[in-house]
Amino acid sequence: MKTIVLCLLIVGALAAPSRKPIFHRGLNRIVGGQEATPGQFPYQLSFQDTSFGFEFHFCGASIYNEHWAVCAGHCVQGEDMNNPDYLQVVAGDHTLYHDEGHEQKVVLSKIIQHEDYNSFTISNDVSVLHLSKALTFNDRVDSILQSEKEFLGDCVVSGWGTTTEGGQSPANLHYVEVPTVTDAECRKNYGDSEIEDSMICAGLLEGGKDACQGDSGGPLACNGHLTGIVSWGYGCARPNYPGVYAEVAHFKSWIEANTV
């Protein structure tokens with residue numbers, strides 16, 4: 001049975017819970033952002049399940065090269081790693097489920113989840129997706145370079161998700177600009193043991209404008225590089241709880257070794 005993937009924990013606004021969220025598919029959010037222009041984020045992928053008899057977007061992902069994509073580990077938890085022919089990525093998409101002539105739909109041939117992924121601590125929340133055929137790069141479809149070191153500054157996270165906590169998902173791709181937050185600042189509210197060195201936080205500490213999971217598995221891009229993979233967080237655009245991402249620089253060697 002498939003594990004349902006999540007992005008939002010329903011918790012009280014005043015206190016952090018004692019454990020991290022349980023993941024349910026499709027509860028992914030971009031809050032306080034705006035609609036992207038078509039082709040603005042050519043590395044953005046929609047990760048979809050077709051086993052229901054229709055296309056169901058449940059996570060985001062990023063183009064690594066023509067044959068591989070980078071995603072979160074929790075997005076693929078419980079999936080058939082060696083025969084995921086019921087899963088596909090869509091490149092060049094802007095409006096979900098509407099063919100605009102730029103989309104490239106590719107079925108997966110293999111999934112590799114980090115061998116040390118932990119669904120309780122959300123540690124090592126990274127996976128790579130092998131495509132059954134190569135993408136064709138153009139002005140709407142292209143890869144994104146990986147960050148090689150920790151980044152502090154303004155970034156952008158993109159995805160298809162509700163624009164308010166508990167609201168409706170937009171049909172069109174959205175994005176929000178958020179600053180990274182130091183590990184020390186992030187740990188003040190999440191707790192020292194919750195934020196690992198392999199994670200990076202981004203969002204406004206005052207709340208109101210936050211990735212808030214921003215479409216699980218999707219990209220946090222900083223200075224033109226893939227810096228984070230949308231992983232987890234408490235609530236949605238709540239004060240003092242920025243979004244938490246798998247830090248790509250920490251997993252760069254692992255990604256390279258598993259995409260050959």
Side-chain angles (χ1 to χ4, degrees), residues 5-11 13 16-17 19-24 26-34 36 41 44 58-62 70-75 121-126 147 150-167 169 173-191 194-222 225-251:
V5 180
L6 142 107
C7 291
L8 173 70
L9 178 67
I10 304 300
V11 295
R19 67 174 302 266
K20 293 180 182 175
I22 299 168
F23 289 93
H24 298 287
L27 298 180
N28 313 310
R29 291 166 166 79
I30 290 285
V31 176
Q34 58 190 306
F41 303 105
Q44 175 78 51
F58 65 92
C59 270
S62 303
V70 177
C71 190
H74 75 258
C75 283
T121 62
I122 322 296
S123 303
N124 304 301
D125 193 15
V126 59
S147 291
E150 184 178 356
F151 180 87
L152 289 176
D154 292 333
C155 304
V156 60
V157 58
S158 50
W160 292 269
T162 63
T163 55
T164 60
E165 185 171 329
S169 298
L173 182 65
H174 275 60
Y175 72 98
V176 64
E177 296 177 357
V178 289
T180 57
V181 178
T182 65
D183 288 352
E185 186 67 37
C186 200
R187 287 170 177 146
K188 286 181 180 179
N189 290 284
Y190 278 115
E194 299 292 287
I195 304 301
E196 302 177 7
D197 290 342
S198 59
M199 300 172 183
I200 184 172
C201 298
L204 296 179
L205 293 179
E206 63 267 30
K209 184 179 180 181
D210 185 13
C212 192
Q213 302 309 311
D215 211 9
S216 275
L220 176 74
C222 309
H225 289 69
L226 181 63
T227 301
I229 301 167
V230 179
S231 184
W232 64 279
Y234 295 153
C236 195
R238 298 179 184 180
N240 301 314
Y241 290 106
V244 185
Y245 304 78
E247 188 167 15
V248 170
H250 183 87
F251 298 104

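Any value given below was found using the heavy atoms of this structure, including those in side chains, with hydrogens, waters and symmetry copies removed.
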I need the minimum non-hydrogen distance between [X] and [Y], along with the two atoms involved.
| X | Y | value |
| --- | --- | --- |
| E194 | M199 | O-SD, 3.6 Å |
| P242 | A202 | CB-O, 3.5 Å |
| F251 | A246 | CE1-CB, 4.0 Å |
| V230 | A72 | O-CB, 3.8 Å |
| G218 | S62 | C-OG, 4.3 Å |
| V181 | C186 | CG1-N, 3.9 Å |

_Separation of SG atoms, C75 and C59, below 2.5 Å_ = yes
Nearest 0.5 angstrom please: [X] [atom1] to [Y] [atom2], how far?
| X | Y | atom1 | atom2 | answer |
| --- | --- | --- | --- | --- |
| L220 | S231 | CG | OG | 11.5 Å |
| R238 | N189 | CZ | CG | 13.0 Å |
| D197 | S123 | CG | OG | 11.0 Å |
| T180 | Y245 | OG1 | OH | 10.5 Å |
| H250 | I200 | NE2 | CD1 | 12.5 Å |
| Q34 | Y175 | CD | OH | 3.0 Å |

*asked:* Under the rule for salt bridge (charged side-chain N to carboxylate O under 4.0 Å, His left out), what residues qualify as partners of E185, not counting sequence neighbours?
replied: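 Once residues adjacent in sequence are excluded, the partners of E185 under the salt bridge (charged side-chain N to carboxylate O under 4.0 Å, His left out) criterion are K188.
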Quick one, [X] and [Y] - any side-chain contact, counting heavy atoms below 4.5 Å?
| X | Y | value |
| --- | --- | --- |
| E177 | D154 | no |
| I195 | C201 | yes |
| I229 | V70 | yes |

_Parallel, tilted or perpendicular, as decided by the 30° and 60° cut-offs, for the rings of Y190 and Y241_ = perpendicular
*asked:* Taking side chain to side chain donor-acceptor pair (under 3.5 Å) as the definition, give me every residue that meets it alongside Q44, ordered by chain and number, with sequence neighbours left out.
replied: S158
*asked:* Evaluate V244 against Y234 for side chain to side chain contact (heavy atoms under 4.5 Å, CB included), listing each step before the verdict.
replied: CA-CA 9 Å; V244 185; Y234 295 153; over 6 Å; no
_One pair to check against side chain to side chain contact (heavy atoms under 4.5 Å, CB included): T121 and E196. What are the steps and the verdict?_
CA-CA 9 Å; T121 62; E196 302 177 7; 4.1 Å; yes
